[in-house]
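Proteins get letters first, then strands, A, B, ... in listed order; numbering begins at 1 in each.
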Number of protein chains: 2
Amino acid sequence: MAQVPQQIKVAVDAVVFGYENQQLFVLLIKQRYGQLKDRWALPGGFVLNKETLKSAVNRELKEETGVSTSYLEQLYTFGDDVERDPRAHVVSVSYFGLVRPSSMRLRPTGDAKDAKWFKLSHKPDLAFDHNKIVQIAHQRLQAKLHYRPIGFQLLKSTFPFSDLENLYSTILGHDIDRRNFRKRMLTLGIVEETDKKVSIGRGRPANLFKFNKSNYTRLEKSGTILNLYLA
Amino acid sequence: MAQVPQQIKVAVDAVVFGYENQQLFVLLIKQRYGQLKDRWALPGGFVLNKETLKSAVNRELKEETGVSTSYLEQLYTFGDDVERDPRAHVVSVSYFGLVRPSSMRLRPTGDAKDAKWFKLSHKPDLAFDHNKIVQIAHQRLQAKLHYRPIGFQLLKSTFPFSDLENLYSTILGHDIDRRNFRKRMLTLGIVEETDKKVSIGRGRPANLFKFNKSNYTRLEKSGTILNLYLA
DNA sequence: GCCATATTGTGTCAATATTACGCAATATAC
DNA sequence: GTATATTGCGTAATATTGACACAATATGGC
């Protein structure tokens, strides 16, 4: 048993991605206090006593940015070089989330002087070890897109197929074959057609599609592993 | 910033798997102290100040069981229902490790009254939320076997091909085609033949093979994702 | 010593999955 | 009404996966 009282503090951080207009965004806050005042960083903070980790993330996100995510999962726990408070060792549990930026109004309060969506490709240099965390989250997002239907969290509930295609090619960073992609999604049955159409500018109007959740759940239960790798 | 001093304690736990003789084992300790005295549990304990998480796991494993793993990665961080110490909220960072049981002598000391390898299929009911953690670790092991060469950590540096086959079919819980499996491993180039042979009991003597690490590293860098799913 | 037995080592073919690719349909912009 | 942009589909070539059987080589038992 520990003889010396433990001085370690537990914090949470969230890497929240948004997507819009063929651009991937990450949600950042500007620090109001501390040595790293005015530096951009991930939303997050210390966990309260008797609070679960996940509710701590949700609370901090709400407080610092006004956002609540539509998807949130644990990413990794960093317990090494984090030195938030010079007097104490900090263990920080990071989370990875998704939300549609346009569905949320940003309201920075508390520790956050500002909150903003940055294009991932143009994000500022971050405080602490947050650059590394963002990078890991980005890799996780890319990997997971291939075998979990998390991309739908970044679109409206119905969408033209081209939106889904663009989301995938933007996040994965390479073109995908439109026809094969559509075939895969429809054959697997995770995307289904609605009877609505939209016409945006020129071109043939697009049918609107939606994520078929019940079908996906069935697949998942049957042990099927999605394979959405496409050339 | 937190007004009330944080009372949360940080612990680590390790799920260490071993393999021998077509059996998968998990390393457990019997608690010496506490309310749950004499219950079997995962090795682990509180993190010391200024200690990294990984070194805390290694230290606890060494102290409680005498084992040092040949593979260790972070698994998941539990921050909810763990109530190790009734006065404090505990966040426990779990790790997942591999080692050959026969390469280690078990030496329980400190918090552990005993340390033992249990067949995973016959493990006792564990203290805390450790049953759940073992289950998650097992799933991770099964999943990761398909796309990372971690199985080799459970075999000697050279081995007959049948050992590798048995390891896979044991851990995955289903038969695999001997010929297709061998073809895949050799074609990918992650396993190579040595010039040694062994003869064990009857039957044609087996060539000894070894993991081709440099080849695997090259594959990994080139972005190739192993696919070892086999019917 | 010889034969029964057990285990290793290898190749082919069919079924399935992936990839590449082009053209017709339908709307808007001018 | 014509040019243009975008959606919606189908097919052939190729690559991968999966099923399957028999020869080779040792030991164990008599």
**Neighbour count >12 (heavy atoms, 6.0 Å) for atom CG, B:Asn180** = yes
**Message:** Using whole Å, what does the distance between atom C1' of nucleotide D:dT7 and atom CZ of A:Phe209 come to?
**Reply:** 9 Å
**Complete:** note: A:Leu208, atom CG; D:dT7, atom P; distance rounded to Å ~ 12 Å
**Request:** Verify whether one side chain among A:Glu20 and A:Ser102 offers a donor that lies under 3.5 Å from an acceptor in the other.
**Result:** yes
**Message:** What I want to check is whether the side chains of A:Ser55 and A:Thr52 have a donor and an acceptor closer together than 3.5 Å.
**Reply:** yes
Quick one: does [X]'s side chain get under 4.5 Å of [Y]'s, heavy atoms only?
{"X": "B:Trp117", "Y": "B:Leu106", "result": "yes"}
{"X": "A:Tyr95", "Y": "A:Val16", "result": "no"}
{"X": "B:Phe78", "Y": "B:Lys132", "result": "yes"}

**Message:** If you take the centroid of each ring, where Trp contributes its six-membered ring, are B:Phe159 and B:Phe209 closer together than 6.0 Å?
**Reply:** no
**Item:** Centroid-centroid distance, B:Phe25 to B:Tyr19, less than 6.0 Å
**Value:** no
**Message:** Within residues 180-207 of chain A, which residues have any heavy atom lying less than 4.0 Å from an atom of DNA chain C?
**Reply:** A:Asn180, A:Lys183, A:Arg184, A:Ser199, A:Gly201, A:Arg202, A:Gly203, A:Arg204, A:Pro205
**Request:** Could you identify which residues of residues 146-178 of chain B place a heavy atom less than 4.0 Å from some atom of DNA chain C, listed by residue number, or say none?
**Result:** B:Ser162, B:Arg178
**Complete:** Ranking C:dG22, D:dT17, D:dG18 by distance to the side chain of B:Leu230, first place goes to D:dG18
**Message:** Side-chain N or O of B:Asn227 versus OP1/OP2 of D:dT16: is the shortest distance under 4.0 Å?
**Reply:** no
